[in-house]
Novice: 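Take a look at the following structure, please.
Residue numbering restarts at 1 for every chain, and letters A, B, ... go by the order of the sequence lines. No experiment lies behind these values; they were computed from the predicted model shown.
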Number of protein chains: 4
Amino acid sequence: MRRDAVRNRAAIVEAARGALDEHGGTVDVREIARRAGVGMGTLYRHFPAKEDLIAEVLHEQFTIWSATIRTAAATADPWTALTDFFDQALRGCAKQHAIMDSVAAGWSRPSAEAVVLGEIIDELLARAAGLLRPGVTRDDLLLMLQSLSCAVRVTQQSGRPRDRTAWNRLVRISLDGLRATHSDPLPQ
Amino acid sequence: MRRDAVRNRAAIVEAARGALDEHGGTVDVREIARRAGVGMGTLYRHFPAKEDLIAEVLHEQFTIWSATIRTAAATADPWTALTDFFDQALRGCAKQHAIMDSVAAGWSRPSAEAVVLGEIIDELLARAAGLLRPGVTRDDLLLMLQSLSCAVRVTQQSGRPRDRTAWNRLVRISLDGLRATHSDPLPQ
Amino acid sequence: MRRDAVRNRAAIVEAARGALDEHGGTVDVREIARRAGVGMGTLYRHFPAKEDLIAEVLHEQFTIWSATIRTAAATADPWTALTDFFDQALRGCAKQHAIMDSVAAGWSRPSAEAVVLGEIIDELLARAAGLLRPGVTRDDLLLMLQSLSCAVRVTQQSGRPRDRTAWNRLVRISLDGLRATHSDPLPQ
Amino acid sequence: MRRDAVRNRAAIVEAARGALDEHGGTVDVREIARRAGVGMGTLYRHFPAKEDLIAEVLHEQFTIWSATIRTAAATADPWTALTDFFDQALRGCAKQHAIMDSVAAGWSRPSAEAVVLGEIIDELLARAAGLLRPGVTRDDLLLMLQSLSCAVRVTQQSGRPRDRTAWNRLVRISLDGLRATHSDPLPQ
DNA sequence: TATGAATGAGACTTCATTCAT
DNA sequence: GATGAATGAAGTCTCATTCAT
């Protein structure tokens with residue numbers, strides 16, 4: 001691939017990232033092309049459909065994000081690893097709202113993203129085994145993450161975009177609900 | 001108001017309810033008119049803009065929903081009242097995904113819906129005071145509800161629409177996180 | 001015809017008169033029905049099409065108008081009769097812009113209105129014969145009237161609606177151009 | 001700008017010119033697109049709103065027209081300049097009825113078009129000063145032009161579109177009314 | 001008979017995608 | 001390979017006219 005083609009592709013993805021975050025999935029592809037400084041033809045050469053471009057943006061974001069949270073999940077203390085994991089994961093969502101959608105989309109038919117997340121979560125579960133209430137599964141944490149990402153999104157809606165307190169409180173509550181203190185069995 | 005007008009108005013709202021739930025807010029108004037068995041003019045006579053129709057559907061759903069959860073929140077035992085409240089509220093969301101959006105939309109600037117919910121939650125908080133960890137606020141429960149409604153939505157995505165186990169487990173975990181057992185203060 | 005039907009018909013015509021003058025020919029028939037205080041069905045019972053209603057309004061206005069100008073044209077002094085005729089005719093146009101349109105519409109295929117006007121003008125021409133330049137015809141005066149009515153309309157456009165000076169000057173100029181002073185033959 | 005874009009833009013304007021003249025301002029934009037042989041998107045790429053297209057057509061017509069009448073107004077003999085000016089100006093109106101509307105629209109709040117016309121008229125007035133009755137102003141001639149353009153329009157209505165005699169006679173009469181022969185002061 | 005709700009063709013405009021330059 | 005002009009289906013909404021109540 002020629003060097004300018006590479007540069008164009010990167011510019012398109014970056015433009016799409018910003019545009020998607022500002023306007024959401026209904027953004028006009030022309031807005032993306034304009035931001036990227038390329039013509040429509042160039043955009044469509046790289047991504048045959050708008051959907052493909054969106055998928056690429058998500059994939060890229062997910063890659064960066066998953067690296068971050070994998071690091072956070074590697075903290076020595078198992079419980080801290082769990083809290084750091086949620087904290088970093090949700091900070092990422094705060095910046096790129098679309099990330100979690102790809103995971104959500106893969107709930108019924110597991111996506112590659114969900115698989116990656118699942119692996120990280122499995123690791124966390126294994127390490128924190130003794131600290132958690134019995135019966136907590138990978139899907140529980142995956143769903144909790146999705147759920148909390150919505151809370152992040154809600155609290156970020158224009159008005160007080162920097163307020164992390166609200167969702168931090170909810171994260172604390174939710175994680176406390178996972179502690180071994182709670183010996184009641186979860187619904188099967 | 002004439003009897004056929006009443007019937008048509010109801011048919012339009014019902015059609016809109018179904019169409020909005022299936023296709024989301026981008027549904028074509030003609031699809032709604034077709035489902036309702038009326039012409040475009042009839043639809044626009046009752047609702048001068050698409051937005052008004054959507055608002056009406058939400059309002060109607062919210063009214064039914066809030067009555068249900070208010071009843072659930074009136075259960076004798078305070079903790080059961082809390083769990084019933086979440087259970088009924090989320091079952092409603094499971095049927096009508098758009099309900100919670102109106103509450104979410106009112107996070108920064110409180111909507112009428114958010115106010116109604118807030119009152120119910122305040123009542124629950126007052127009654128369950130001794131059973132809850134210190135510092136739990138109305139906003140904590142409101143946000144938790146929003147958050148969990150996303151979990152419901154995710155688990156309902158085409159594939160296994162009837163599976164309530166997944167989100168029921170998450171509700172249990174989250175509510176357990178609210179128990180007085182947890183004496184750590186929440187972030188301010 | 002029943003008495004209330006007569007009253008309704010009159011109310012419709014009056015409402016249409018006002019509405020047409022305010023909004024022009026593109027006015028919504030519902031606006032007319034609302035002003036008249038009747039339902040659409042009643043309006044359409046009396047006038048099978050919007051066009052018929054407009055025609056009726058014009059006819060009624062024309063009848064009043066033609067009576068006024070016929071009186072003005074009967075002034076003793078022939079030249080004064082001519083000026084009074086134009087003055088009254090154009091004042092009428094100032095109040096009901098649509099009147100002249102019906103005459104204009106009948107230029108190619110003479111309308112009943114044009115015939116009435118023609119008779120008045122013929123009378124004026126006969127009486128003022130010696131005062132006018134040779135060769136002035138009925139059509140000349142008819143067209144002059146139409147032409148000047150446009151001037152009235154233009155000067156009335158929102159801004160300075162009461163200013164009659166501008167078109168009065170033009171009337172004076174135009175009529176002076178008809179005087180016998182000008183012996184040059186007109187183009188045939 | 002690409003050559004085909006230029007060609008399309010021109011085709012659209014030309015199509016609009018014809019369509020506006022035939023059907024008036026209520027013409028369907030699709031009719032214009034069809035005539036121009038382009039899609040709706042192309043039309044809207046060049047003119048973001050129907051109104052913009054209409055404005056462009058008027059502007060273009062006015063530009064051609066004003067050049068023509070400016071030339072006519074430059075004839076050596078002052079009185080001939082005046083008659084040529086009216087003759088050319090009204091021939092233009094005969095071809096494009098919408099031209100004069102833009103001037104009319106600017107009567108209360110002077111439009112760019114009215115300013116251009118005013119300058120030409122001022123020049124004519126200055127040169128013909130001695131030949132005109134006292135007190136004739138720019139607005140008198142501007143209004144006369146508007147007025148006569150209506151006469152042109154009326155005589156052109158389907159039936160005998162080529163007959164210039166009728167309005168030529170009226171022009172002659174009106175201009176004769178401007179001659180210095182008439183010493184009566186005009187209404188102030 | 002009067003009412004006004006219902007009709008539906010058609011108006012303006014947008015935007016994902018294709019293709020001539 | 002890049003450009004951005006062109007496409008046209010589809011979207012929301014209006015309004016002259018009809019018809020059930």
Novice: What integer distance in Å separates B:Arg3:CZ from E:dA6:P?
Specialist: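 From B:Arg3 CZ to E:dA6 P: 14 Å.
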Novice: Whole angstroms only, please: what is the NZ-P distance between A:Lys50 and E:dT18?
Specialist: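 Distance check: A:Lys50 NZ to E:dT18 P gives 14 Å.
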Novice: Can you tell me which stems DNA chain E forms, taking runs of 3 or more consecutive Watson-Crick or G-U pairs with both distances under 3.5 Å?
Specialist: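 When the pairs of DNA chain E are grouped into runs of at least three, the stems are E:2-21 with F:2-21.
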Novice: Can you list every pair that meets ring pair (Phe, Tyr, Trp, His ring centres under 6.0 Å) and has a residue in residues 15-50 of chain D, with sequence neighbours left out?
Specialist: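 Output for this query is empty, none listed.
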Novice: Over how many whole Å does the gap from C:Leu43 atom CG to F:dC19 atom C1' extend?
Specialist: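 To the nearest whole Å, that distance equals 15 Å.
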Novice: Ignoring hydrogens and geometry, is there a side-chain-to-backbone donor-acceptor pair from B:Thr42 to B:Val38 under 3.5 Å?
Specialist: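 Not a single qualifying donor-acceptor pair exists.
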Novice: State whether A:Glu22 and A:Arg17 are salt-bridged, where the test is any N-O pair (Lys NZ or Arg NE/NH1/NH2 against Asp/Glu carboxylate O) under 4.0 Å.
Specialist: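 Looking at A:Glu22 and A:Arg17, the cut-off is not met.
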Novice: Please report the distance, rounded to the nearest Å, between CG in B:Asn8 and C1' in F:dC19.
Specialist: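 Result: 13 Å.
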Novice: Atom CZ of B:Arg2 to atom C1' of E:dA6: distance rounded to whole Å?
Specialist: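 In whole Å, E:dA6 C1' lies 8 Å from B:Arg2 CZ.
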Novice: Would you mind checking if C:Glu14 and C:Arg35 are paired as a salt bridge, meaning a charged N to carboxylate O distance below 4.0 Å?
Specialist: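 Salt bridge: no.
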Novice: Can you check the C:Asp52 CG to F:dT18 P distance for me, whole Å?
Specialist: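 After rounding, the reported distance stands at 11 Å.
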Novice: To the nearest Å, give me how far apart CZ (A:Arg34) and P (F:dT3) are.
Specialist: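 Spelled out: CZ on A:Arg34 to P on F:dT3 is 15 Å.
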Novice: Reading DNA chain F from 5' onward, which residue's closest nucleotide shows up sooner: A:Asp4 or B:Gly41?
Specialist: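 Nearest nucleotide further toward 5': that of A:Asp4.
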Novice: Just to verify, which of A:Leu43, A:Asp28, A:Val29, A:Ile32 counts as forming a side chain to side chain contact (heavy atoms under 4.5 Å, CB included) with A:Lys50?
Specialist: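 One option only clears the test, and that one is A:Val29.
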Novice: Looking at A:Gly18, is its backbone amide N or carbonyl O close enough to the side chain of A:Asp21 to form a donor-acceptor pair, meaning the two atoms are under 3.5 Å apart?
Specialist: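 The answer is no, because no donor-acceptor pair under 3.5 Å joins these two groups.
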Novice: Any non-hydrogen side-chain atom of C:Gln156 less than 4.5 Å from a side-chain atom of C:Arg153?
Specialist: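 The answer is no, as the side chains (C-beta and beyond) never meet within the 4.5 Å cut-off.
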Novice: Which nucleotide in the set E:dT17, F:dT18, E:dA6 lies at the smallest distance from any side-chain heavy atom of C:Tyr44?
Specialist: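 For the C:Tyr44 side chain, the nearest candidate turns out to be F:dT18.
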Novice: Distance check needed: E:dA9 P versus B:Met40 CE, whole Å only.
Specialist: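 In whole Å, E:dA9 P and B:Met40 CE are 12 Å from each other.
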Novice: Taking for each residue the nucleotide of DNA chain F bearing the nearest heavy atom, is the 5' side occupied by B:Arg7 or by D:Arg30?
Specialist: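 The residue whose closest nucleotide sits nearer the 5' end is D:Arg30.
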Novice: Have a look at A:Ala33 and say if it touches a base, only the backbone sugar-phosphate, or nothing, with a 4.0 Å heavy-atom cut-off.
Specialist: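 No contact.
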Novice: Any idea which of E:dA2, F:dA2, E:dT7 is nearest the C:Ala5 side chain?
Specialist: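 Output: E:dA2.
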Novice: Between B:His46 and E:dA6, is there a contact of a side-chain N or O with OP1 or OP2 at under 4.0 Å?
Specialist: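 For E:dA6, OP1 or OP2 has a side-chain N or O of B:His46 closer than 4.0 Å.
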Novice: Go nucleotide by nucleotide along DNA chain E from the 5' end; which of B:Val6 and C:Arg45 gets its closest nucleotide reached first?
Specialist: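 The answer here is C:Arg45.
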Novice: How far apart are the closest heavy atoms of B:Ala11 and B:Ala36, and which atoms are they?
Specialist: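 Distance-wise, the nearest heavy atoms are O-CB, 3.6 Å.
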Novice: What closest approach, in Å, do D:Leu53 and D:Ile12 show between heavy atoms, and which atom pair accounts for it?
Specialist: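 Taking D:Leu53 first and D:Ile12 second, the nearest heavy atoms are CD1-CG2, 3.8 Å.
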Novice: Can you identify which nucleotide, out of F:dA2, F:dT17, E:dT7, has its nearest atom closest to the C:Ala49 side chain?
Specialist: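 So the side chain of C:Ala49 is nearest to F:dT17.
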Novice: Using a heavy-atom distance cut-off of less than 4.0 Å, which residues of residues 9-29 of chain B contact DNA chain F?
Specialist: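 The answer is B:Val27, B:Asp28, B:Val29.
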Novice: For A:Leu20 versus A:Gly25, what's the shortest heavy-atom pair and its separation?
Specialist: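 Looking at all heavy atoms of both residues, the shortest contact is CD2-CA, 4.0 Å.
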